[in-house]
Amino acid sequence: MNQKDQSIRSMVESAVRATKITDIHTHLYTPAFGGLLLWGVDELLTYHYLVAETMRWVDMPYNDFWAMSKRDQADLIWKTLFIDHSPISELCRGVLTVLDGCGLDVSTRNLKAFRAYFDGMKVEEYVDKVFETANLESVVMTNDPFDDLERPVWMKNPALDARFHAALRVDPLLNSWEDAAPRLKSWGYNVDSGFSGATMGEVRRFLTDWIDRIDALYLAVSLPPTFAMPEDSARARLIEECIIPVCREKGIPFAMMIGVKKLVNPELRLAGDSVGKGSIESAEYLCAKYPQNKFMLTMLSRENMHEMCIAARKFRNLMIFGCWWFLNNPSLIEEITRMRFELLGESMIPQHSDSRVLDQLIYKWVHSRKIIGDVLVDKYTDLAETGWQVSNEEIRRDVADIFGRNFWRFLER
Ligand code: RAT
Ligand code: ZN
């Protein structure tokens, strides 16, 4: 490596290390939500992604696994994936990156000692530690008013830690309208599932109330691969007649997460969802028909990644983000990030963590920072070959854009 390449590498690495991140999609909660904020080694081990990996090796009926206590489940997962086999999957490696990041010696393989470390910890103290270790500015939660554990907390106006922002998640509304309608009615919104009378206005009132109540940065939904717009369906009507006008009026984006096949194996519960290729045409339709609206988009299938970049080239009201769920593996993150830089420059949000357990912020960002940094080094080195010189300030500017500023600027538009 010549000196020029070396200095590009060290400038990029130091910018990537030093820049604080806004993590735009997680499943974490501010501590005011009590037990909804998951943290500690047993939660890490029983993460649903690891349950799916464990079930490949063990022969027990799924229900027997679900009947076990969390600690017993964690013991089984630890033994199966870390002791009986080597923990080379990205998810297992993630657990080790977290423990190592907490200063624990993973070579001891001593789960008891790891537990003892977390047992002595207060959650507020641990939030500070994780934010510092992962070098985060803030995270965006996923807030579902249809969730019976979460809704009552919001109704009491909880005091939020300012590092946790809200996003209004509306899956039940758009994916199971027949069940959602009676619930809205029971909360005082005069709707009926046949869309008669005041229904659309009342759904808009419900959305507006919740955006205001939680101060939502954006509205979000996860959608099946079959999601289609336009379409003669309850979902399409609700999007065009309720979501679009409310988002427009509030000036907030509508984030679509497309490609989840729910419960292909119901016995695996939360771990039972799968992936399917979605239609980019639906996103293109919305971006073209509603140029005054802002849309965010991530998709679950690798096959959608290229056309998603092209759609973003065509629509400046579209912000693509993250390597979602089954795409959140080093080989795919690298491929996708490279492609996005090549097609869009820095005008996208390369990653979000999707953390469900607080501690995961550490590993998801340690792993992704490294890959994004390596790809950037390649890109600046290619520029250097033409004679173009990129300064330290410019590198810091670019990294600050992709790690947070692009998101905040998009919200302000
Ligand atoms: O990544 C996950 O944990 C998934 O189970 C989903 O929650 C997904 O990220 C989503 O936001 O729907
Ligand atoms: Zn998610």
Side-chain angles (χ1 to χ4, degrees), residues 21-29 33 36-39 43-55 66 77 89-92 94-95 98 139-147 149-150 164-176 216-227 235 253-276 278 295-302 304 319-329 332-333 336 349-361 363-365 367-368 407:
I21 287 174
T22 301
D23 187 342
I24 72 155
H25 170 59
T26 74
H27 297 266
L28 301 173
Y29 292 88
F33 285 75
L36 287 177
L37 170 57
L38 305 179
W39 60 287
E43 296 294 352
L44 273 177
L45 286 170
T46 53
Y47 185 34
H48 66 87
Y49 293 32
L50 282 174
V51 171
E53 289 180 26
T54 303
M55 286 305 172
W66 296 119
I77 291 171
S89 79
E90 173 64 1
L91 272 302
C92 290
V95 174
V98 171
V139 304
V140 183
M141 307 179 277
T142 295
N143 303 106
D144 179 357
F146 290 88
D147 184 309
L149 297 177
E150 180 169 355
F164 291 74
H165 303 288
L168 182 62
R169 184 77 175 237
V170 292
D171 288 32
L173 187 72
L174 295 184
N175 294 332
S176 41
L217 295 184
Y218 61 83
L219 214 139
V221 65
S222 79
L223 294 157
T226 50
F227 169 59
R235 182 198 285 130
F254 176 40
M256 294 172 287
M257 308 174 71
I258 305 174
V260 196
K261 280 204 299 227
K262 284 282 176 204
L263 293 180
V264 296
N265 182 353
E267 294 204 281
L268 270 174
R269 301 190 183 176
L270 192 54
D273 297 347
S274 189
V275 57
F295 298 93
M296 290 162 56
L297 176 66
T298 197
M299 296 179 89
L300 196 49
S301 159
R302 181 189 189 183
N304 282 123
M319 179 60 82
I320 62 169
F321 71 97
C323 300
W324 181 26
W325 199 344
F326 309 119
L327 294 174
N328 203 355
N329 301 305
L332 296 172
I333 299 170
I336 294 165
I349 298 169
Q351 192 55 305
H352 67 267
S353 80
D354 235 311
S355 297
R356 269 179 190 270
V357 182
L358 177 67
D359 325 41
Q360 291 169 340
L361 290 170
Y363 97 74
K364 301 241 187 184
W365 285 112
H367 295 187
S368 285
F407 175 63

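Along the sequence shown, residues carry numbers from 1. Remember, it's 1-based here, ligands and their atoms both numbered in the order they're listed.
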Chemist: Please determine if Lys262 and Asp273 form a salt bridge, counting it only when a charged side-chain N lies under 4.0 Å from a carboxylate O.
Modeler: yes
Chemist: Against Asp23, only a single residue in Gln351, His352, His165 fulfils side chain to side chain contact (heavy atoms under 4.5 Å, CB included); can you say which?
Modeler: His352
Chemist: Among all protein non-hydrogen atoms, which one is nearest to atom 1 (O) of ligand 1, and what is the separation to 0.1 Å?
Modeler: Tyr49 OH, 2.7 Å
Chemist: Determine whether the side chain, the backbone, both or neither of Arg169 has a heavy atom under 4.0 Å from any heavy atom of ligand 1.
Modeler: side chain
Chemist: How far is atom 6 (C) of ligand 1 from the closest protein heavy atom, and which atom is that?
Modeler: Arg356 NH2, 3.6 Å
Chemist: Under 3.5 Å between some N or O of ligand 1 and some N or O of Tyr47?
Modeler: no
Chemist: Starting from atom 8 (C) of ligand 1, locate the nearest protein heavy atom and write down its residue, its atom name and how far away it is, to 0.1 Å.
Modeler: Trp324 NE1, 3.5 Å
Chemist: Please could you name the atoms of ligand 1 that His48 approaches to less than 4.0 Å, counting only its heavy atoms?
Modeler: 2 (C), 3 (O), 4 (C), 5 (O)
Chemist: Check whether Tyr49 forms a cation-pi arrangement with Lys364 (NZ or CZ under 6.0 Å from the six-membered ring centre, at most 45° off the ring normal).
Modeler: yes
Chemist: Relative to the Zn ion (ligand 2), which of the N, O or S atoms in His25 is the closest?
Modeler: NE2
Chemist: What atom name does the N, O or S atom of Asp354 nearest to the Zn ion (ligand 2) carry?
Modeler: OD1
Chemist: List the closest protein heavy-atom neighbour of atom 9 (O) of ligand 1: residue, atom name, distance to the nearest 0.1 Å.
Modeler: Asp354 OD1, 2.7 Å
